[in-house]
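Data block below; observations after.
Numbers restart at 1 for each chain; the letters A, B, ... are given by sequence-line order, proteins then strands. In what follows, every heavy atom counts, from backbone to side chain, and hydrogens, waters and symmetry copies are set aside.
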Protein chains: 2
Amino acid sequence: MTSSAGLLKREDGKKTGKGEQTRAQILETALDLFRERGYEETTMRAIAESAGVSVGNAYYYFKSKEHLIQAFYARTHEEHLAASREVLLRERGLRERLLGVMRAKLDTIAPYRQFSGVLFKTAADPASPLNPFSVESQPVRQQSTDLFAEVITGGDTRLTPDLVAALPNLLWVYHMGIILYWIHDNSPGCAKSYRMMERSVRLVLRLISLFQFPLLRPFLKELLVLVTELRVDEMPVPLPPPGVE
Amino acid sequence: MTSSAGLLKREDGKKTGKGEQTRAQILETALDLFRERGYEETTMRAIAESAGVSVGNAYYYFKSKEHLIQAFYARTHEEHLAASREVLLRERGLRERLLGVMRAKLDTIAPYRQFSGVLFKTAADPASPLNPFSVESQPVRQQSTDLFAEVITGGDTRLTPDLVAALPNLLWVYHMGIILYWIHDNSPGCAKSYRMMERSVRLVLRLISLFQFPLLRPFLKELLVLVTELRVDEMPVPLPPPGVE
DNA sequence: TCCTCTATTTGAACGCGTTCAAATAGAGCG
DNA sequence: CGCTCTATTTGAACGCGTTCAAATAGAGGA
């Protein structure tokens with residue numbers, strides 16, 4: 001751990017780097033196979049064989065098959081962030097910004113639609129690290145809500161502080177809903193999802209402008225309380241193993 | 001036609017009835033074990049052994065371990081309907097009715113909280129028959145939305161037709177959201193969930209009365225379009241490979 | 001009574017995800 | 001060079017959900 005040496009060290013000085021190569025090899029192979037044959041149909045043995053390693057070795061780098069999904073999710077998440085930044089630099093109108101970010105989301109995950117179902121399934125498990133509310137995904141979730149915060153604050157539309165406070169989380173939930181719809185959408189090119197997304201964005205924007213009226217302040221206050229309580233950071237994390245209740 | 005011993009032929013002349021007994025035995029045993037040890041920890045072999053049958057026999061009656069969850073779900077669903085009917089007979093105020101139905105829901109599933117997570121996980125899988133949007137669960141879903149329809153139409157509060165049309169589905173989604181929160185709620189007695197439920201019910205009611213204003217008619221129209229499109233009946237169902245049951 | 005046909009029941013076997021004790025590789029050091 | 005320590009790699013083995021060919025039970029007909 002101290003210092004130096006050999007052909008393999010990272011400037012980071014942590015691991016030898018050889019492992020990182022193997023790790024990447026396994027992940028690439030896995031994602032390829034997932035996309036080709038689907039998640040359930042791809043066995044760990046097949047992944048290992050295609051990657052030219054042993055099964056045990058795959059498990060040395062990924063604690064479980066699920067953790068491969070997590071890696072996939074992290075990747076598309078990054079892609080979406082990048083695509084969104086582009087949109088947010090270009091567009092100033094709230095409508096264009098939200099629409100662009102949402103469209104970017106669907107575009108990003110499009111190639112993986114069929115096995116995104118599995119991701120959603122796993123994510124729904126409270127015990128899974130993939131769960132959006134788990135500690136492990138806290139950073140990703142944070143980045144997502146930050147993104148929505150940027151959508152509403154970086155544009156040319158001024159909103160009341162209440163809304164600015166509540167909207168990022170609400171929009172995050174909203175975008176999850178759209179993805180849920182998308183996962184079940186078998187229309188060619190997921191056309192229905194895109195249409196649904198556009199319509200709902202319009203509705204969301206109208207709701208936003210509606211709640212700008214000072215008259216509706218009490219609603220916002222109440223909403224804010226709920227959203228605050230929804231904040232997952234304050235939710236105790238389900239601890240798994242011992243004991244029955 | 002019917003043999004004198006009685007229990008060997010159904011009126012509909014389909015099955016012998018002996019099987020029904022075995023089926024019930026397996027289901028009861030399974031649910032007991034699930035509640036005691038949890039879902040993942042309960043093996044099909046253990047269920048079969050405890051029920052005094054072979055593994056293969058368990059699979060003769062339940063196509064998969066998942067289908068045991070489905071049976072459980074059907075049961076608590078019935079319980080909730082019963083409890084709700086009681087509430088709806090007693091209460092006339094919209095607030096009391098919605099609150100009562102929601103509370104009944106949480107009360108009904110309370111004993112199974114820890115393994116309800118699994119149910120949710122499975123339900124999130126688009127390919128699962130347990131999925132709320134699947135054909136298999138269409139009847140249950142229908143009954144649920146009918147229940148919410150009864151909540152709003154059977155009380156002493158008159159609502160605009162638009163709202164009456166849109167609300168059942170919206171309330172169904174809302175109640176799913178509460179359950180999602182509940183699943184992640186580790187507070188003693190799920191107190192946070194109950195509080196969240198009460199607060200959100202209050203908010204929902206205020207929103208309902210808000211959208212009674214004729215001024216907000218366009219919103220309702222737009223919402224109605226979305227909700228109609230959300231109707232899962234119109235969503236093409238991902239068909240499972242072989243035959244039906 | 002015996003035969004037939006269907007409903008039910010069995011348990012071995014399969015393929016999967018996962019684990020683990022043990023083998024190997026390679027760097028630093030003498 | 002050999003020694004040591006750690007990172008990496010292996011493949012057999014385990015327990016699981018699930019399948020299936022074959023055995024059994026039981027009712028109705030001859």
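Side-chain nitrogen and oxygen atoms of B/Tyr60 include none within less than 4.0 Å of the OP1 or OP2 phosphate oxygen of C/dT9. In this model, the phosphate group of C/dT10 is approached by a side-chain N or O of B/Asn57 to a distance below 4.0 Å at OP1 or OP2. The phosphate of D/dT9 (OP1 or OP2) has a side-chain N or O of A/Tyr61 nearer than 4.0 angstrom. A close approach under 4.0 Å does not occur between any side-chain nitrogen or oxygen of A/Thr22 and OP1 or OP2 of D/dT8.
Nearest to the side chain of B/Val55, among C/dA12, D/dT9, C/dT10, sits C/dA12.
Checked against the 6.0 Å centroid threshold, B/Phe148 and B/His175 count as a close aromatic pair. Remark: aromatic rings of A/Phe72 and A/Phe34 are distant, center separation not under 6.0 Å.
Side-chain atoms of B/Asp185 come within 3.5 Å of backbone atoms of B/Ser193 as a donor-acceptor pair (strictly under, hydrogens ignored).
Donor-acceptor pairing under 3.5 Å is recorded for the side chains of A/Tyr174 and A/Ser200. Between the side chains of B/Asn169 and B/Arg141, no donor N or O sits under 3.5 Å from an acceptor N or O. Counted by atom type alone, B/Asn186 and B/Arg113 present one or more donor-acceptor pairs between their side chains at under 3.5 Å.
Pairing of C/dC3, defined by two Watson-Crick or G-U wobble distances under 3.5 Å, is identified with D/dG28. Figure legend. C/dT18 is base-paired to D/dA13; pairs are counted as Watson-Crick or G-U wobble with both atom distances under 3.5 Å.
Each of B/Lys65 and B/Gly56 was assigned the nucleotide of DNA chain D with the nearest heavy atom; the assignment lying further toward the 5' end belongs to B/Lys65.
Of all the residues in residues 23-54 of chain A, A/Arg45, A/Val53, A/Ser54 reach under 4.0 Å from DNA chain D with at least one non-hydrogen atom.
One interatomic measurement links the two molecules: NZ of A/Lys63 to P of C/dC20, which rounds to 14 Å at whole-angstrom precision.
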